[in-house]
Amino acid sequence: MDYFAQQAVNALALGGTYALLALGLAVVFSILGLINFAHGELMTITGYGLVFSLAAGVPYPGALICGVALAVFCAVAMERVAFRPVRRASATTMLLTSFAVSSILHTAFQNFISARPKPVPVPEWLGGAFTLAGIQIGAIPSLSILVTVVALATLVWFFQSAQTGLAMRAASEDFAVTRLMGINANRVIAASFAISGFLAAVAGILWLFQRGSVDPMMGFVPVLKAFIAAVLGGLGSLQGAVLGGLILGATEVMLRAYLPEALLGFRDAIALALIIGLLIVFPNGLMGRPIQAR
Amino acid sequence: MGAFAGRWLTKQGGANGALLALLIIAIGMGSALLGSPAMLNTVTNMMTALVGVMAIALFSGNSGALSFGHVAFMALGAQVSATLTMPPALKAQLFPALPDILLHFQANFAVALVLTAILVGLFAFATGLAIVKLSSATIPIATLGLLIIVNSLIIGADGVTRGSQAVYGIPKSVDIFVVSAVAALVTGFIALFKESAAGLALRATREDEAAAAAVGVDVARLRLLAWVLSGAVAAIAGALIAHNLSVFSPKDFYLDLTFSLVVMLIVGGVNSVSGALAGTLVVTVMIEILRRLENGFSLGVVEVPQIFGLTIIGLSLLIMAVLYYRPGGLLGYRELADILSRRSAPVASKPHSVPAQVTQKDAEKHMLRVASVSKVYGGVKALQEVSLEVASGEILGLIGPNGSGKSTLLACISGTQSASSGSIRMDGAELAGLPAFAVAQSGIARNFQSIRLFANLSVLENVLVAVLANDRTATQASARHKAMTLLDRLAIAELAHRRSGDLAYGQQRRVEIARALALDPRFLLLDEPAAGMNEAETGDLLNILGQTMRETSIGLIIVDHDMPLIMRLCHRLVVLNRGSVLAVGAPQEIQNDETVREAYFGRRRSGKGRPITMQQREIIA
């Protein structure tokens, strides 16, 4: 039972990280229809931002802020430079553009930074664990859950109350009509990229704490899984993205905990296959809406 | 068999396929005769990549859903064909866990290639059952997931495979002649497929899934067909690579290869088989140049240092440039055959003068019965217990205020949406719950309130899709004849070869009606067919519908806001209000019906029994 409780905490922690990433993807997709492959590079950028600020002597909290700010800036810049020219193009064109941006960025990291992992100092207290109701809980999973909850709560507040947040929710329902209501399209889109950059940065920091290093391809695998999570939740549905992320995280952790030794090597394959299997039952995702034709 | 060939073979597909195949052979032979060993090597590698690009083009070009997963089939193809051809002694050493029967089996390359295509095709079928159900937006991600699954399966199955290590000692059975021949065959086949009945229908789904289903196209079945065929072709590409290089490891069949192949396809133009070839050529040349520069070069004064990954950066910039300036790729929707024939022959053939009779008048009487149909969205009851019936030869008008459920009712009858409860029967056969394409095939055609044509297909092709989807015995030739006849009847035969998305509004409406009539429908559902038309155009439309009614005895359900048109045309009217039937009767009765007037104008104390004026009539519905 204790073992299960511990795994449940891990599931929530990993699922929360996927949820943050999937939500970042969904915020952009719901407004632009863009599947942003370069989202993972934003995670990586956060890592490098942190490493270089620390190297420059910035204290740890300041370095974290630098990392997040850099990711937000890069997300907005990415939209301005690469995605605006193809904004009205087909979904495939936008997707491939983001694919190209992603390739350019990680090749640039390999050339101008290093192809090898760069160690990220992790605060010592994060290595510890504490006991709650007889269950040993690691500091990192607890922090992940806490940060995820705070980030999601902030977003909920933003979407419910802030004017830009409301405009974004409207835009995610029907962008064309929202523009007719006099909402500034560029501002809404820039805001969506800023939020997705922020979410990628937060997830990136949590990911870094687990791994202790940053390398050019760091963001690729988690973001790919976040894609799958977003698809499972229903592409474009913000709640669906969170749900999909939690389900994927839980599936992975439980497989890791309970799969027989011989099958552990197939863990990712089994998790992905299970999710794709779920999609047969829910072709539009768990919370996605089928497209209506008039 | 004859009918099968009749649906597969077309002049355009044949001409284009033959041209491209000859071009590929010429490139192969040219490099074999004239090229240096290094160049021969490059061309051989390019040909193997070309087969991979063609595999993706077969699926993505026709279905419109980009796949990142075909390299998974290439990896399996390489693995399977290596296992089938390597000598048992080497296999025992490399794959210790291989079952005995596979260990001792050894085939020659040709047999192994066929077996590989079949086995991987079966695997593609199994995965396709899930993939084809997804929307075009999610397929790229799901297929990328597939690539990762297969890659980790191959690495995890160490013992049957070599895990993440290289497989070596594969018989080198492939040279420039073999790859050129296979590439030419594959390309010719794909050019034929594109114009075949299946390829055409699939391209229609690429343009508009809902409209394709409404003319009887089974989207999932066709996507599955293309997925399986393209999986088999990708397996052949993988086998060619393995037998060309004699060695491969799982990392060779992963993201880098996927990226290069997709770039080749997109640069050339995903919607054109010729484009896939052009893109492969252009990108290969570019990679060759970049690779030479990658180790650093001198610009006279400036020394450029070694740049790792210059090739990838170059390809990324190339693809972005193409996407910005030519979003359709170098060739867009054009094929080599079109480009060459444009000079010699005019594209538009003269309008046919064919007998106006399309089908014999259907003597049978049919009956469409809608019984107690309800549709609930969330908490909103869009339709409540609606019942009505239409018989062959009858024109039923469906009117009601905005939001009264008219379009929803048509959507439920046509299967575009499924009714929450109730039954829809044609001659006793239940239609409720059937998918839209099956309803269409059973003889119920519809148009859409907002026109939905297959914009990038020609006018003729728009109608051809509908003819071929509903008449399994029709050949390309007979279907073309019938489609031309329909276009002629709607007086748009001279537009047959125009891109339908370029036409004027009224012309598009006509194409949509021709496409609906191409189903030989027993019942036709028209949702605001005259919307946005001027009086002359509306008059023409009425004449066409009248003529159709005289020649075939179809039943018509028509929704429109144009009351004079409804009054002139309809035998009977059904009035919907807030999702329920308010009144049924002859146009004159409805016009004088008190409850109908209340629904439109609200209750009025005075003016009881005053007939609706012409002005008010036009506001109605």
Side-chain angles (χ1 to χ4, degrees), chain A residues 29 33 35 37 82 85-86 89-97 99-108 110-111 115 216-217 220-221 224-225 227-228 230-232 234-236 263-273 275-281 283-285 288 290-294, chain B residues 60 64-66 68 127 129-131 133-138 140-142 144-146 148-153 155-158 163 208-211 213-214 255 259 262-263 266 270 307-313 315-320 323-324 327 407 411 416-417 436 448-450 452 527:
Chain A
F29 182 87
I35 297 173
F37 263 95
V86 289
S90 70
T92 306
T93 302
M94 290 195 283
L95 180 145
L96 284 165
T97 306
F99 206 78
V101 170
S102 161
S103 298
I104 291 174
L105 284 177
H106 70 70
T107 315
Q110 285 170 355
N111 275 294
M217 291 295 282
F220 183 78
V221 172
L224 189 85
K225 289 179 176 167
F227 274 130
I228 310 259
V231 168
L232 172 65
L235 256 182
L263 289 177
L264 272 182
F266 299 111
R267 197 177 65 229
D268 278 3
I270 294 173
L272 288 183
I275 302 285
I276 293 181
L278 264 180
L279 285 176
I280 304 182
V281 189
N284 296 303
I291 298 146
Q292 308 261 322
R294 259 182 106 85
Chain B
S60 298
L66 191 64
F68 288 122
T127 56
L129 291 175
I131 301 279
K133 284 195 170 183
L134 306 175
S135 73
S136 305
T138 55
I141 294 167
L144 191 55
L146 177 73
I148 291 163
I149 293 174
V150 169
N151 182 267
S152 68
L153 285 180
I155 292 173
D158 198 355
D208 191 326
E209 260 187 68
L255 298 166
F259 185 57
V262 168
V263 171
I266 300 302
V270 65
I307 302 175
F308 171 75
L310 182 67
T311 317
I312 291 188
I313 292 187
L315 289 183
S316 304
L317 292 175
L318 175 67
I319 198 170
M320 285 174 81
L323 290 172
Y324 287 177
S407 290
T416 311
Q417 292 177 26
F448 289 88
Q449 195 177 319
S450 50
R452 302 178 78 123
D527 198 351

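First the proteins, then the strands, lettered A, B, ... as listed; each starts at 1.
Put simply, CG on Leu232(A) and OG1 on Thr138(B) are 11.0 Å apart, with the number rounded to the nearest 0.5 Å. With values rounded to the nearest 0.5 angstrom, Ile148(B) atom CD1 is found 5.5 Å from Phe220(A) atom CZ. A distance of 11.0 Å separates OG1 in Thr93(A) from OH in Tyr324(B), rounded to the nearest 0.5 Å. Taking CD1 of Ile313(B) as the start and NE2 of His106(A) as the end, the distance is 10.0 Å to the nearest 0.5 Å.
Thr92(A) touches chain B through its side chain: at least one heavy atom from C-beta onward sits under 4.5 Å away, while N, CA, C and O do not. Within the 4.5 angstrom heavy-atom criterion, only side-chain atoms of Ile319(B), from C-beta onward, approach chain A. Of the two parts of Phe266(A), only the side chain, counted from C-beta on, holds a non-hydrogen atom closer than 4.5 Å to a non-hydrogen atom of chain B. Of the atoms belonging to Leu255(B), it is side-chain heavy atoms, and not backbone ones, that fall under 4.5 Å from chain A. For Val263(B), no part lies near chain A; criterion is any non-hydrogen pair under 4.5 Å. Within the 4.5 angstrom heavy-atom criterion, only side-chain atoms of Ile266(B), from C-beta onward, approach chain A. For Leu105(A), no part sits under 4.5 Å from any heavy atom of chain B, backbone or side chain. Residue contact with chain B, scored on non-hydrogen atoms closer than 4.5 Å, involves the backbone and the side chain of Ala273(A) alike. In this structure, chain B has heavy atoms under 4.5 Å from both the backbone and the side chain of Ile228(A). Proximity to chain B involves both the backbone and the side chain of Ala82(A), based on heavy atoms less than 4.5 angstrom apart. With a threshold of 4.5 angstrom between heavy atoms, Ile104(A) approaches chain B through its backbone and through its side chain.
Classified by interplanar angle (parallel below 30°, tilted 30° to 60°, perpendicular above 60°), the ring pair Phe68(B)/Phe99(A) is parallel.
Annotation: maximal heavy-atom pairing with chain B below 4.5 Å, among Thr107(A), Leu95(A), Leu279(A), Val86(A), occurs at Thr107(A). With respect to chain B, the highest number of heavy-atom pairs below 4.5 Å among Val221(A), Asp268(A), Leu224(A) belongs to Leu224(A). Per-residue counts of heavy-atom pairs under 4.5 Å with chain A were compared for Leu153(B), Leu129(B), Ile149(B); the largest is that of Ile149(B).
Under the 4.5 Å side-chain criterion, counting only non-hydrogen atoms from C-beta, Leu96(A) is in contact with Leu66(B).
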